[in-house]
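Accompanying notes for the structure given below.
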Amino acid sequence: MSISLEDVRRAAELVSFGLRHGARPTDGNPYGLLLHRYRTEAVFRDLVDVLASGFGLVVLGTPARTGIVVTTQPGSVFAIRTADLRATNMSPDDKLVAGLVTLAIAAYAFPHPRDLDSTDVKIVEVVSLDTFIRSAIARVAATTGENGNDAQARRAADIYDRMSAFLPKANQTGPAKGCTQWAIGEVLGWLVDRGAARPAPTMGATTYQLTDRFRLLVADIGGGEALEALRTARRESETA
């Protein structure tokens, strides 16, 4: 079956929409029309998937509220790095804490495997997340290994435990850099920039709604001892 150059261009356009985290599909806009083709035309879907693969990307899904969700393969030019976090001059310890916070948000919102199949709206709040992480630190330190990513999680838990929960900014509201509430806010802001969360100011100034993009990304990363330790802590907090 022949494929037109116009279809190749349209497939590339759909992939580019997936990389523009602020784009939203509707029934009538170009994004919505291309998303409909992806869902209903097998040839076009295969073309999009192959083209994405050439850029080191994988299509995770096409939820209606979010649009096409792509993630990166190892070595992709689009790979997410801690250097992409919003704050400048982050120390290695800051980056470790940011990684722990990201895992904790995933565990807090999706403690059960079934949660990853649900499109229910997940709401998170900075102070509540901070309280949860502090309650789970001992479990992370006790159940993670000594090598690789789990060793980094253990170090991050130790650093987090030694940080103040809140340090006031001089002559400003909100937490200052160097406290854990600031670190959580930075990660949530980074997720907003990537289309994985949205501010929910009607529910509180430090409250956020996680999107389907975040849910699919969490489902894609799989397990790891640190994430499982945090999920266990979250499940226990639900029944306490």
Side-chain angles (χ1 to χ4, degrees), residues 19 21 56-57 70-110 124-169 174-197 199 206 208 210-211 213-214 216-231 233-234:
L19 294 169
H21 304 305
L57 301 169
V70 296
T71 191
T72 57
Q73 298 173 333
S76 171
V77 68
F78 299 107
I80 301 171
R81 298 174 295 272
T82 52
D84 297 327
L85 286 164
R86 301 187 309 168
T88 58
N89 301 320
M90 292 186 74
S91 69
D93 284 358
D94 290 334
K95 293 174 182 178
L96 282 175
V97 168
L100 177 66
V101 169
T102 305
L103 289 178
I105 294 170
Y108 188 90
F110 307 104
V124 296
E125 190 274 330
V126 169
V127 176
S128 296
L129 281 169
D130 185 47
T131 300
F132 164 66
I133 296 170
R134 290 186 180 281
S135 72
I137 281 175
R139 181 179 291 277
V140 172
T143 59
T144 52
E146 299 289 345
N147 299 306
N149 291 335
D150 289 320
Q152 289 187 320
R154 287 171 64 92
R155 175 163 169 73
D158 180 62
I159 296 166
Y160 197 103
D161 193 36
R162 290 186 276 107
M163 293 172 69
S164 297
F166 180 84
L167 295 173
K169 288 182 178 178
K177 184 177 180 181
C179 68
T180 53
Q181 289 183 23
W182 176 87
I184 293 170
E186 283 299 303
V187 171
L188 286 168
W190 178 65
L191 291 177
V192 169
D193 292 343
R194 298 196 62 79
T206 59
Y208 295 79
L210 302 176
T211 69
R213 183 183 301 276
F214 185 72
L216 291 173
L217 290 171
V218 171
D220 183 60
I221 66 173
E225 290 182 353
L227 179 56
E228 287 310 307
L230 289 162
R231 279 179 166 153
R234 176 58 171 158

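Not measured: the values here are computed from a predicted model. What's counted below: heavy atoms across the whole structure, side chains too, no hydrogens, waters or symmetry copies.
- Put simply, CZ on R234 and CG on L230 are 11.5 Å apart, with the number rounded to the nearest 0.5 Å.
- At distances below 3.5 Å, not a single donor-acceptor pair connects side-chain atoms of R231 with backbone N or O atoms of A107.
- Here the shortest heavy-atom pairing between A196 and F214 reads O-CB, 3.3 Å.
- Counting all heavy atoms, side chain and backbone alike, A176 lies closest to C179 at O-SG, 3.1 Å.
- Looking only at distances, no side-chain donor or acceptor of D220 sits under 3.5 Å from a matching main-chain atom of L217.
- One distance of note links CG of L191 with OG1 of T102; it measures 6.0 Å at 0.5 Å rounding.
- Contact of the K177 side chain with the D94 side chain is registered, since non-hydrogen atoms from C-beta on lie closer than 4.5 Å.
- Considering CZ of R194 and OG1 of T211, their distance stands at 11.0 Å, rounded to 0.5 Å.
- For the residue pair A226 and L103, the shortest heavy atom distance occurs at CB-CD1, 4.0 Å.
- Proximity of F166 to V127: side-chain heavy atoms (C-beta onward) are nowhere separated by under 4.5 Å.
- For the atom pair Q152 CD and K95 NZ, the distance stands at 11.5 Å (nearest 0.5 Å).
- Using a 4.5 Å cut-off on side-chain heavy atoms (C-beta onward), I133 and I184 make contact.
- Judged as a salt bridge (Lys or Arg N to Asp or Glu O under 4.0 Å), and not counting sequence neighbours, the contacts of R155 are D93.
- When all heavy atoms of V218 and A106 are compared, the closest pair comes out as CG2-CB, 3.7 Å.
- Under the 4.0 Å criterion applied to side-chain N and carboxylate O atoms, D130 and R134 are assigned as salt-bridge partners.
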side-chain contact (heavy atoms from CB on, under 4.5 Å) between L167 and W182, intermediate numbers included = CA-CA 8 Å; L167 295 173; W182 176 87; over 6 Å; no
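- Once rounded to the nearest 0.5 Å, the distance linking CG of L96 with CZ of R154 reads 13.5 Å.
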Applying side-chain contact (heavy atoms from CB on, under 4.5 Å), run through L188 and I105 and close with a yes or a no.
-> CA-CA 9 Å; L188 286 168; I105 294 170; 3.8 Å; yes
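- Side-chain contact between L19 and L57 is present, with at least one heavy-atom pair separated by less than 4.5 Å.
- Looking at every heavy atom in both residues, V97 comes nearest to A183 through CG1-CB, 3.9 Å.
- Of all heavy-atom pairs spanning L210 and A197, the tightest one is CD2-CB, 4.0 Å.
- Between the CD1 atom in I159 and the OG1 atom in T180 there is a gap of 12.5 Å [rounded to 0.5 Å].
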